[in-house]
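I have placed the structure first, in the form of structure tokens, so that the comments after it can refer back to it.
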Amino acid sequence: MKPSIPQGTRDFSPEVVRKRQYIFDTLRSIFELYGFQPLETPAMENLTTLTGKYGEEGDRLIFKILNNGLHAQNDDYKAKMNDEWAKVLSKPYSSPVVTERALRYDLTIPFARYVVMHHHELALPFRRYQMQPVWRADRPQKGRYREFWQCDADVVGSTSLINEAELLCIYSQAFGKLGVPVAIKVNSRKLLQGMSEICGHPDLMTDITIALDKLDKIGWDGVAKELTARGISEEGIGRLKDVIAISGSNDEQLAALAGIMSGSEAGMAGIAELQHTLSYYSTLCSGVNADVAVQVDISLARGLNYYTGVIVEVVCTHPDVKMGSIGGGGRYDDLTGLFGLKGLSGVGVSFGIDRIYDVLEELNLFPQQVAQGADVLILNFGGDNERYALDVLRRCRENGIAAEIYPEAVKFDKQMKYANKRSIKYVLLPGDDERAAGKISVKNFETGKQELVDVTAAISMLQSG
RNA sequence: GAGGCUGUAGCUCAGUUGGUUAGAGCAUCAGAUUGUGGUUCUGAGGGUCGAGGGUUCGAAACCCUUCAGCCUCCCCA
């Protein structure tokens, strides 16, 4: 049998795991710095927790888990099962008899579920970060997997725009630390609502935003075509075009928008919340990473319909990198209302770490030492020398030196080749002569130089690098 | 959900209008080299040509079916 792994999943080899760990560690340190607390939730949730939260397309993409105990049942049960399968294949795409559980689809809904279940013991506002894999039965493509990791930071139980500003600050600091040149684009869902009002279709905000979101990809002509297809009037499209044409600094854009939006309550509220957010941000973030640009972008839409306030998206601005967004988020009023706890507002951001990895790789931004493992290999000469080698090995580890021994006393060049392949920095040779003298030969594998020294001296040498 | 491309050694791929026993590089193992790695050189092992059916004197190649993977659109991270 030929070994394989499921479509859209990946093995992570040692070097890759180390590099990914570097990203996780960087993000974690920043989340902690901003007072966020770690949270983990199960890989599987009850199916009813997830269905209906991501739209009809989303329901289709949820990985369902077959109930246990499907075998060893009587004939009546089997007949019933046959009927229930039909439900799985048609619209709700599920039946509790066949599937009651499903794999986590994102981190936000499980977080909302957690908050509702634990709100009596939580100190609100609750700030949490979460870095775990999620699963989608999507069709894999480049940079798109069926199992991928999300890193989210959310605040629930506060409507202050300070939270928005802090999350923007986390973005700029995180990408600053990773060395990725980015633009942070912000918009407000309320502003989008205002736009749909002034073009005469307040009920078609979703259609307008979906079309508008493609501005980068298909240009204004393409967007106009799609708007027409979605039932927007000629006049409405004309007004939208005027809005889109607004340019300049954030202040200039918002001022110009205020002129156009004066008739829309929602629009004016959106402008105000962006102004306040940016103002908090400039205070919080000045000096931290001031050169990361936060830009108001009126065409920014973002798919998920549960966003209600400020929305944000991060893109890499390096000219050589062609990559979609590497992070995004926004405010969602009443997310926990879905689970019966009304009136809790949340705001959060997400890091697309698989894509961030690709960007770091492409721009060669991983620090050199990240991918390396053990520094020292002790060769095995067998017999009494093996004991001597183990003794040296123990002393290395006691002194904090990452070391390993070649466990077989095989031919010399084989052990050397192993060291070479593993990119080991130092090889220790505990042979007859060394043991007799109570010393050890230390070979630097980068320079090829070798010297015979006392074990103690060798250890302090290795400790200093 | 719609469309396109590709399946040949562990990996990356050649393989001519259909024609003897299907090749190369890398990797592996052995040797040159029993205390010195990266570079060489020599040799060896390794294949149901994705699967099933069809056309043909003859199929890795052509046709059909099917499975798998990759990519684009949709949507998303």
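A note on names: the letters A, B, ... follow the listed sequences, proteins ahead of strands, and every chain is numbered from 1.
- A salt bridge links E15(A) to K19(A): at least one charged side-chain nitrogen sits closer than 4.0 Å to a carboxylate oxygen.
- Across the P atoms, rG25(B) and rG58(B) are found 34 Å apart, a figure rounded to whole Å.
- Taking atom C1' in both rA9(B) and rC5(B), the straight-line distance is 24 Å, to the nearest Å.
- For Q150(A) and rA77(B), the shortest distance from a side-chain N or O to OP1 or OP2 is not below 4.0 Å.
- Under the 4.5 Å side-chain criterion, counting only non-hydrogen atoms from C-beta, K414(A) is in contact with Y406(A).
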Assess the residue pair E434(A) and Y388(A) against the criterion (side-chain hydrogen bond (donor to acceptor under 3.5 Å, both in side chains)); give the C-alpha distance rounded to whole Å, side-chain angles, the decisive distance to 0.1 Å, and a yes or no. CA-CA 9 Å; E434(A) 286 85 354; Y388(A) 186 59; over 6 Å; no
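- Here the separation of rC63(B) from rC26(B), taken at their C1' atoms, is 36 Å to the nearest Å.
- Residues E166(A) and R127(A) are paired through a salt bridge, judged by an N-O separation under 4.0 Å between the basic side chain and the carboxylate.
- Ion pairing of R387(A) with D384(A) is absent here, as no side-chain N (NZ or NE/NH1/NH2) approaches a carboxylate O to less than 4.0 Å.
- Atom pair N380(A):CG and rU36(B):C1' shows a separation of 16 Å (rounding to whole Å applied).
- In this structure, G143(A) reaches the bases: a heavy-atom distance under 4.0 Å links it to at least one base atom across the strands shown.
- Using P as the reference atom, rG4(B) and rU42(B) are 48 Å apart when rounded to the nearest Å.
- Contacts of G448(A) with the nucleic acid, taken as non-hydrogen atoms under 4.0 Å apart, include base atoms.
- Taking the C1' atoms as reference points, rC29(B) lies 50 Å from rC75(B), given to the whole Å.
- For M416(A), counting side-chain heavy atoms from C-beta on, the closest listed nucleotide (rG35(B), rG37(B), rG69(B)) is rG37(B).
- Separating the C1' atom of rA59(B) from that of rC49(B) is a span of 11 Å, rounded to the nearest Å.
- Note on S325(A): only backbone sugar-phosphate atoms sit closer than 4.0 angstrom, heavy atoms only; bases stay farther off.
- Under a 4.0 Å N-O distance rule, the pair K225(A)/D221(A) does not qualify as a salt bridge.
- The aromatic rings of F366(A) and Y22(A) stand perpendicular to each other, their planes meeting at an angle above 60°, with 30° marking the opposite boundary.
- Put simply, the side chain of T48(A) does not reach to within 4.5 Å of the side chain of E100(A), judged on heavy atoms.
- Here, rA30(B) and rU21(B) have their P atoms 34 Å apart, quoted to the whole Å.
- rA77(B) atom P lies 13 Å from atom CD1 of I356(A), rounded to whole Å.
- If you take CG of L452(A) and C1' of rG35(B), they are 13 Å apart, rounded to a whole angstrom.
- Paired regions of RNA chain B, where each region holds three or more successive Watson-Crick or G-U pairs whose two hydrogen-bonding distances fall under 3.5 Å, are B:1-7 with B:67-73, B:10-13 with B:23-26, B:28-32 with B:40-44, B:50-54 with B:62-66.
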Please list each protein N or O that sits under 3.5 Å from an N or O in nucleotides 1-7 of chain B, with the distance.
none

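- Across all strands, K421(A) comes closer than 4.0 Å only to sugar-phosphate atoms, never to a base (heavy-atom distances).
- Among the atoms of the strands shown, none is found under 4.0 Å from any heavy atom of D354(A).
- Nucleic acid contact for Q450(A): base, since at least one base atom lies under 4.0 Å from a heavy atom of the residue.
- Here rG35(B) presents its C1' atom at 15 Å from CG of L428(A), a figure rounded to the nearest Å.
- Residue contacts for L429(A): at a heavy-atom cut-off of 4.0 Å it reaches a base atom on one of the strands shown.
- Look at the C1' atom in both rC70(B) and rG31(B): the space between them is 42 Å, to the nearest Å.
- A donor-acceptor contact under 3.5 Å is not formed by the side chain of E446(A) with the base of rG38(B).
- Distances were taken from every side-chain heavy atom of R144(A) (C-beta onward) to each of rG35(B), rU36(B), rC76(B); the shortest belongs to rC76(B).
- Residue E147(A) is out of contact with every strand shown, counting any heavy-atom pair closer than 4.0 Å.
- Nucleic acid contact for Y418(A): none, since no nucleic acid atom lies under 4.0 Å from a heavy atom of the residue.
- If you check every strand for non-hydrogen atoms under 4.0 Å, F445(A) touches a base.
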Passes side-chain hydrogen bond (donor to acceptor under 3.5 Å, both in side chains), E164(A) versus Y281(A)? Steps please. CA-CA 8 Å; E164(A) 269 84 342; Y281(A) 173 80; over 6 Å; no
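- F412(A) and F381(A) have tilted rings, their planes meeting at an angle from 30° to 60° on a 0 to 90° scale.
- Nearest-nucleotide positions on RNA chain B place K414(A) closer to the 5' end than the other of K414(A) and S441(A).
- Using a 4.0 Å cut-off between charged nitrogen and carboxylate oxygen, R144(A) and D354(A) do not count as a salt-bridge pair.
- We find that R355(A) and D358(A) are not joined by a salt bridge, their nearest charged nitrogen and carboxylate oxygen being 4.0 Å or further apart.
- Below the 3.5 angstrom threshold, one finds no donor paired with an acceptor across the side chain of K411(A) and the base of rU34(B).
- When rounded to the nearest whole Å, the span between CG of L377(A) and C1' of rG35(B) equals 15 Å.
- Atom P of nucleotide rU40(B) and atom NZ of K417(A) are separated by 12 Å, given to the nearest angstrom.
- Spacing between atom CG of D59(A) and atom P of rC76(B) amounts to 14 Å, rounded to whole angstrom units.
- For D413(A) and rU39(B), the CG to C1' distance is 14 Å, given to the nearest whole Å.
- Side chain of F412(A), nearest nucleotide from rA77(B), rC75(B), rU36(B): rU36(B).
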